[in-house]
Amino acid sequence: MLISEEKINEIRKSVNIVDVISDYIPVEQRGKNYFAICPFHDDHNPSMSISPEKQIYTCFVCGAHGNVFSFIMDYENVSFIEAVKMVANRVGITLDISSYKSKPKNKGIEDLYDIYDIANKYYQNNLYTKDGIKAMEYLRDRGFTDEIIKEFEVGLSTNNKLTKVLKNKGYADSLLVNSGISSSKESATYDTFIDRIMFPLWDMEGKTVAFSGRIYKSSDPSKYINSRESDIFKKGKMIYNYHKAKEEIRRKKAVIVVEGFMDVIALYKVGIMNVVATMGTAVTNDHANMLKRLSGNIILCFDGDSAGNKATISCANELLNVGISPSVIRLEEDLDPDDYIKKHGLDKFNEHLNNAQSLLDFKIDYYKSNTNFNNSDEISKYIKEVIEELNNVNDKIIKELTIKKLNDETGVSIPTIKGMIKNKVIKHEPKIVRSKLDKYGKAEIRLLYYMLRHPEVIKIYENNKCYFPTTEFRYLANEIIYYFNKHKSIVIADFITYLNDKPELIDAINKVDIIDVSDNYSMEEINDYIDLLNNYSVESQIKKLTSEFKNSIDENRKTEIMK
């Protein structure tokens with residue numbers, strides 16, 4: 001099935017780009033446009049402009065640019081056709097894209113996905129056989145309903161049979177070992193996971209890429225065994241439950257971040273579904289940017305012990321680096337969310353959820369808990385730690401309240417504490433990306449700018465074709481002419497859709513679209529641009545011949561050049 005260009009444009013026009021983007025990230029109106037923190041780079045100050053008139057967005061820092069489909073493709077990490085389907089679903093337009101399902105280009109990668117898909121189905125089936133009776137009892141005792149088991153695709157590894165199943169399907173021993181599904185010793189290949197309850201780990205698109213296997217009937221000290229990293233499983237780039245939680249996060253306008261997948265499942269059991277996990281690994285910049293894409297309202301709910309406190313600080317600092325200040329839930333008695341809900345109930349957990357601490361308050365409490373107030377050196381260290389945090393705060397009221405609190409706790413005078421604070425203002429002004437252009441570059445960009453907005457300029461260009469020195473601009477001019485002759489009009493948002501398989505030309509449109517010129521033009525101005533670009537080809541030919549003349553030792557050739 002082919003989706004016509006007209007159908008795709010109809011789908012694009014059925015939504016307002018501002019409404020779609022605001023479902024993903026907060027936007028605010030300034031004049032006729034809207035602005036947002038750009039989710040495609042480490043933005044700290046709204047640098048993404050969204051034009052309801054043109055139905056496009058542009059980031060003036062990183063250069064991200066496009067229409068509603070482009071935004072969804074980049075934000076959701078999906079193909080163009082999948083982005084079109086998502087917009088169509090939003091407005092109730094039925095669209096079958098089954099024939100467009102993209103497959104990994106790399107055959108080895110494709111095989112890994114297939115191996116994990118087969119393994120996941122195999123493990124799930126085991127749970128419902130006679131071999132799964134004790135495992136099912138174990139799950140039931142821990143509050144796993146049929147719905148939760150199916151939702152999280154819980155399975156069971158039994159004896160050493162999966163490797164044989166996969167080898168019979170034609171997968172080589174070396175590939176099975178590299179995948180982590182199998183292990184090898186003394187030339188024998190066998191199942192990595194045996195007699196464990198299996199929890200699949202998914203990538204952003206919901207594909208199984210790894211497993212975590214839990215003991216349930218032995219005293220093995222390795223309570224959990226996780227798949228080793230592979231070409232499709234990188235701990236530093238994986239957020240558990242990302243694909244399942246997205247819609248609920250948008251609805252709740254908040255994301256709860258926990259340490260492990262069992263914490264996610266525990267919250268699902270009690271109806272809290274806007275939750276993801278970092279899988280207990282150190283939070284990376286990639287993690288932080290993925291979380292930022294989910295929501296600007298991030299609530300950290302790690303384990304209540306010392307390790308959980310340190311993990312909270314580490315995660316919070318990575319989020320601060322990408323412009324997000326999270327709030328924090330601390331659970332008493334060093335409990336994790338699962339054990340806390342079992343012991344104190346959902347209502348008590350919701351109290352914490354509804355009264356999450358600011359990151360500053362959490363850090364102050366953390367520093368305070370590690371301070372001996374009978375020791376002058378530790379008191380000094382505590383004050384310096386809090387002041388270091390205050391140096392990154394602009395809010396004067398928060399500063400005053402915190403200074404008063406330090407004074408009450410330590411007896412150190414307010415003037416002394418104030419004197420230690422650096423009165424710096426934290427600003428992250430966007431630097432607009434601008435290339436230095438010569439007179440020909442300016443002529444190219446301005447002529448293209450008016451061609452994209454005024455059909456009559458396209459006709460003028462066609463009748464007086466000139467040479468664009470820059471390759472991408474030359475191709476863009478040709479595409480503008482082709483598109484206009486086919487459609488008899490040009491709408492930038494639809495034109496971007498037409499160019500979806502030519503990202504270098506969409507980048508060229510961005511370079512053209514961000515210039516600061518009047519939308520109105522004069523005929524004299526357009527003719528000047530065309531004349532200047534025509535002169536370029538003459539001047540470049542003269543330079544070429546002059547260079548050849550200087551370097552030539554053939555007198556006859558020199559005579560030809562002079563003529």
Side-chain angles (χ1 to χ4, degrees), residues 33 38 40-41 47-49 51 53-54 56-67 70 429-485 490-548 550:
N33 289 340
C38 178
F40 304 124
H41 76 283
S47 56
M48 176 180 281
S49 172
S51 169
E53 178 186 354
K54 300 175 191 172
I56 61 175
Y57 65 91
T58 301
C59 177
F60 294 109
V61 174
C62 72
H65 181 79
N67 60 13
S70 311
E429 296 294 341
K431 295 180 181 177
I432 297 177
V433 177
R434 302 252 190 242
S435 301
K436 287 187 177 180
L437 300 170
D438 59 19
K439 61 182 178 180
Y440 302 110
K442 289 177 182 176
E444 288 179 294
I445 281 186
R446 290 179 181 183
L447 185 54
L448 287 166
Y449 183 90
Y450 292 121
M451 287 172 68
L452 285 167
R453 286 159 177 78
H454 302 286
E456 62 274 17
V457 177
I458 298 175
K459 293 177 182 177
I460 295 169
Y461 170 77
E462 271 198 289
N463 294 332
N464 302 272
K465 275 197 174 174
C466 56
Y467 179 80
F468 279 86
T470 308
T471 304
E472 59 182 342
F473 292 152
R474 189 160 62 248
Y475 289 150
L476 180 58
N478 292 337
E479 293 291 359
I480 290 172
I481 291 170
Y482 175 83
Y483 186 91
F484 177 75
N485 288 336
I490 188 161
V491 176
I492 294 178
D494 290 337
F495 185 52
I496 288 172
T497 297
Y498 163 73
L499 295 174
N500 80 84
D501 60 345
K502 300 180 178 72
E504 70 282 358
L505 296 189
I506 294 177
D507 289 342
I509 289 178
N510 183 33
K511 292 174 185 175
V512 170
D513 204 47
I514 64 173
I515 64 170
D516 186 17
V517 295
S518 169
D519 278 354
N520 300 316
Y521 69 93
S522 67
M523 282 300 299
E524 181 182 6
E525 184 182 3
I526 300 300
N527 288 329
D528 283 347
Y529 297 148
I530 290 173
D531 289 344
L532 185 60
L533 293 173
N534 278 329
N535 286 339
Y536 174 87
S537 59
V538 174
E539 288 186 13
S540 66
Q541 183 68 4
I542 290 172
K543 286 179 183 177
K544 178 184 175 184
L545 290 172
T546 300
S547 175
E548 187 180 349
K550 287 180 179 178

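Along the sequence shown, the residues carry numbers beginning at 1.
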Quiz item: Quick one: which of Ile526, Asp528, Val512, Val517 gives a side-chain contact (heavy atoms from CB on, under 4.5 Å) with Arg446?
Solution: Val517

Practice problem: Using the test ring pair (Phe, Tyr, Trp, His ring centres under 6.0 Å), find all partners of Tyr461 that sit at least two apart in sequence or belong to another chain. | Solution: Phe468

Practice problem: Tell me, please, which residues at least two apart from Glu504 pass side-chain contact (heavy atoms from CB on, under 4.5 Å). | Solution: Lys502

Quiz item: So, Ser70 versus Asn67: side-chain donor-acceptor pair below 3.5 Å or not?
Solution: yes

Self-check item: Sequence-distant partners of Asn510, side-chain hydrogen bond (donor to acceptor under 3.5 Å, both in side chains), two or more places apart
Solution: His65

Self-check item: More than 12 heavy atoms of other groups within 6.0 Å of Tyr475 OH
Solution: no

Quiz prompt | Donor-acceptor contact below 3.5 Å, side chain Glu444 vs main chain Phe473 | solution = no

Practice problem: Assign the ring pair Tyr483 / Phe495 to parallel, tilted or perpendicular, where the plane angle (0 to 90°) is split at 30° and 60°. | Solution: perpendicular

Quiz prompt | Point-to-point distance, once rounded to the nearest 0.5 Å, from CD1 of Ile490 to CG of Asn485 | solution = 10.5 Å

Practice problem: Quick one: closest heavy-atom pair of Leu447 and Tyr529, and the distance? | Solution: N-CD1, 4.2 Å

Exercise. Kindly determine whether Glu472 and Lys511 satisfy salt bridge (Lys or Arg N to Asp or Glu O under 4.0 Å), including the steps that lead there.
Key: CA-CA 11 Å; Glu472 59 182 342; Lys511 292 174 185 175; 2.9 Å; yes

Self-check item: Euclidean distance, Asn464 CG relative to Asn527 CG, rounded to 0.5 Å
Solution: 6.5 Å

Quiz prompt | Any residue meeting side-chain hydrogen bond (donor to acceptor under 3.5 Å, both in side chains) with Ser51, in chain and number order, not counting sequence neighbours | solution = none

Quiz item: Looking at Ser49 and Asn33, what are the two nearest heavy atoms and their distance?
Solution: OG-ND2, 3.7 Å

Quiz item: Taking Asp513 for the side chain and Ile509 for the main chain, is one N or O donor matched with an acceptor at less than 3.5 Å?
Solution: no

Quiz item: What distance separates Leu533 CG from Tyr440 OH, expressed to the nearest 0.5 Å?
Solution: 9.0 Å

Self-check item: For Phe484, all residues meeting ring pair (Phe, Tyr, Trp, His ring centres under 6.0 Å), sequence neighbours excluded
Solution: none

Self-check item: Taking every non-hydrogen atom, the tightest pair across Pro469 and Arg474
Solution: O-NH1, 3.5 Å

Exercise. Only counting residues at least two apart or in another chain, list the ones meeting side-chain contact (heavy atoms from CB on, under 4.5 Å) with Asn520.
Key: Ser518

Self-check item: Minimum-distance pair of heavy atoms, taken over all atoms of Leu499 and Ile506
Solution: O-CD1, 3.5 Å

Quiz item: Just wondering, do Tyr521 and Arg453 contact through their side chains at under 4.5 Å, heavy atoms?
Solution: no

Practice problem: Taking all heavy atoms of Ile515 and all of Tyr449, pick out the closest pair and write down the distance. | Solution: CG1-CD1, 3.7 Å

Self-check item: Contact check, side chains of Met451 and Leu476, non-hydrogen atoms, under 4.5 Å
Solution: no

